[in-house]
Amino acid sequence: MRAWLPDARGHRRLFSALSIDALGTGLFLPFSILYFTATTELTLGRVGLALSIAALVRIPATAGAGMFCDRFGARSTVIVSNLTQAVGFFNYLFVGSFGHLLGAAVVVQLGNSAFWVAYPALVHDVAEGKRQESWFALITTLRQAGLGVGALGASLAVAIGGVNGYTTIVAVNALSFTVAAILTRLDSSGGAHAVGVSGAPEHDDSPQHTAKGGWASTLRDQPFLGFVVLNFGLALLSLAFGLAVPVFLVNTVHLPPWIPGTVLAVSAVLGALGATPVGAAITGHRRWSSLMASQAIVGGAFVAVLCCAYVPSAVSICLALVAVVLVTVGELIQSLIVSPIVNDCATAASRGRYNSLSQMAFSIGDVVTPALMAVLLAHGPAATWIPMAALAIVDMLGIALLAGHLPAMRRRVNHPGRTGPDAV
């Protein structure tokens with residue numbers, strides 16, 4: 001297992017930055033709405049409306065972040081994203097009106113969009129395009145641990161400090177983004193690509209790799225656009241599980257109210273501990289076949305959730321735990337493979353735009369999924385979970401079709417470089 005991990009020497013500051021970033025996010029995320037209802041006179045409806053409008057900004061912001069990343073480099077974009085979020089969260093401390101909340105939330109979303117566009121590209125640069133899956137596994141482990149510690153710290157802060165605890169959470173979160181920006185800047189190693197300077201394409205000479213920077217050439221890459229559509233399917237399934245399963249288990253299956261918290265806790269622990277073992281298990285397999293396996297696993301998770309409605313409560317609890325294990329494993333496989341595929345489909349001059357298109361699928365999923373799942377849940381268990389399991393099958397078909405057109409999908413997981421017979 002240790003031999004599978006990348007040689008991370010020289011990048012401790014960057015890893016610390018990503019962990020601290022996640023810790024701050026973990027602090028605030030569980031109380032992102034409660035903070036404003038506890039510290040301001042805004043109603044729950046107005047808080048939700050402001051945050052929802054701000055979330056819509058992610059879609060155009062993601063495209064802009066791709067252009068910024070290609071122009072100024074992944075590392076610079078991550079630094080700017082951290083500082084932008086620090087400014088947004090610092091403003092949360094002084095929110096007293098709907099307009100102020102909306103403005104601060106938009107700033108946070110701008111920074112968050114930029115981070116998720118630049119982060120995969122930065123990992124590619126640090127890894128120098130080699131064995132990307134192992135780098136993503138290591139960073140996923142660190143970030144999941146940071147999220148878990150942050151969430152625990154936030155609960156303690158609120159339990160001990162009450163309203164002052166909420167304020168402390170936001171202040172520490174703003175500080176965490178500032179510290180993350182400084183550490184990312186100090187981690188200056190990683191070769192020429194660390195500063196985002198684009199040179200000759202680092203890939204094979206397949207047609208889709210010859211495109212230079214610019215939206216016109218990016219949008220002409222039809223196989224990759226197909227992969228973006230596939231990403232929307234992956235995102236919808238992932239978001240559907242987290243949003244709808246807790247509600248379904250309590251309101252429809254009538255399981256105890258502590259079940260959703262337990263399910264999420266199991267998922268968080270598995271996410272922190274499972275990235276490296278999962279990555280090691282799929283190493284050497286083709287990316288497309290591993291991605292297909294992830295969808296088969298996720299589809300099985302939704303079948304298990306469906307069965308919860310038709311069995312005794314004790315069995316339902318067991319099935320719910322089985323489902324969360326399955327979906328976490330499936331999502332770990334996706335998280336280790338999708339970003340390397342996107343990175344390898346692009347040139348150095350277009351990697352920001354390619355990652356922005358990929359992330360846009362997830363941003364749209366954030367907008368669409370809550371409403372979709374609310375409608376499906378209203379029509380009963382079968383109407384909710386059979387379509388989700390069917391979507392997993394559709395995703396598998398899409399993966400099989402795209403593999404023949406995207407060489408990046410045919411590479412082996414954690415391949416050491418870009419040449420040789422096993423590279424594609």
Side-chain angles (χ1 to χ4, degrees), residues 62-63 66 70 117 120-121 124 129-133 136 198 200-238 282-299 330 333-362 364-365 390-424:
T62 298
D70 286 336
V117 168
H124 175 278
K130 302 173 183 177
R131 303 182 67 228
Q132 293 179 69
E133 289 85 357
F136 279 105
S198 61
E202 304 159 340
H203 323 293
D204 53 44
D205 294 326
S206 302
Q208 82 264 23
H209 290 153
T210 61
K212 298 179 181 179
W215 277 115
S217 58
T218 301
L219 294 174
R220 284 197 298 268
D221 190 345
Q222 294 183 1
F224 180 74
L225 293 182
F227 188 72
V228 172
V229 174
L230 173 66
N231 265 357
F232 176 75
L234 303 181
L236 197 152
L237 291 180
S238 178
I282 62 176
T283 290
H285 295 279
R286 303 288 182 182
R287 286 172 175 170
W288 71 269
S289 63
S290 297
L291 205 53
M292 283 191 71
S294 77
Q295 292 310 284
I297 293 170
V298 170
I333 296 173
Q334 292 171 209
S335 69
L336 301 186
I337 293 176
V338 169
S339 290
I341 289 175
V342 175
N343 283 333
D344 287 350
C345 283
T347 65
S350 63
R351 192 162 291 120
R353 289 173 174 82
Y354 272 67
N355 274 292
S356 70
L357 282 177
S358 177
Q359 290 300 320
M360 205 173 294
F362 286 84
I364 295 172
L391 178 57
I393 296 174
V394 172
D395 286 345
M396 293 174 68
L397 294 174
I399 292 166
L401 290 172
L402 285 172
H405 300 280
L406 284 177
M409 293 183 70
R410 300 197 297 274
R411 291 195 175 115
R412 296 188 184 275
V413 173
N414 216 34
H415 62 91
R418 302 190 179 282
T419 60
D422 290 337
V424 294

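Predicted, not measured: the structure shown is a model, and the values here were computed from it.
Residues G299 and A392 approach most closely at CA-CB, 3.8 Å, considering heavy atoms. The minimum heavy-atom distance between S290 and I337, with the atom names listed, is CB-CD1, 3.3 Å. The shortest heavy-atom contact between L406 and C345 is CD2-SG, 3.7 Å. Between S289 and R286, the shortest heavy-atom contact is OG-O, 2.8 Å. Of all heavy-atom pairs between S350 and T218, the closest is CB-OG1, 4.4 Å. Between F224 and Y354, the shortest heavy-atom contact is CZ-O, 3.4 Å.
No donor-acceptor pair closer than 3.5 Å links the side chain of R287 to the backbone N or O of M409. Judged purely by atom type and a 3.5 angstrom limit, R410 uses its side chain to pair as donor or acceptor with the backbone of A403. In this structure, the side chain of S358 does not engage the main chain of N355 through any donor-acceptor pair within 3.5 Å.
Atom CG in L397 sits 10.5 Å away from atom CG in L230 (nearest 0.5 Å). Atom CZ in F362 sits 6.5 Å away from atom CD in Q359 (nearest 0.5 Å). How far CD of Q334 is from CG of L291: 6.5 Å, rounded to the nearest 0.5 Å. One distance of note links CG of N231 with OG of S238; it measures 11.5 Å at 0.5 Å rounding.
Taking the side chain as every heavy atom from C-beta outward, H285 and R412 never approach each other to under 4.5 Å. You'll find the side chain of S356 reaches within 4.5 Å of the side chain of W215, heavy atoms only. Within the 4.5 Å cutoff, side-chain heavy atoms of H124 are placed close to those of D344. Under the 4.5 Å side-chain criterion, counting only non-hydrogen atoms from C-beta, R353 is not in contact with L219. Counting heavy atoms from C-beta outward, D395 and V298 have side chains that stay 4.5 Å or more apart. A heavy-atom distance below 4.5 Å is found between the side chains of V342 and F227. Side-chain atoms of I282 and N414, non-hydrogen and from C-beta on, never get closer than 4.5 Å to each other.
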Exercise. Please walk me through it: do Q295 and L234 pass side chain to side chain contact (heavy atoms under 4.5 Å, CB included)?
Worked result: CA-CA 8 Å; Q295 292 310 284; L234 303 181; 3.2 Å; yes

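Judged as a side chain to side chain contact (heavy atoms under 4.5 Å, CB included), and not counting sequence neighbours, the contacts of M292 are W288, M396, I399, A400.
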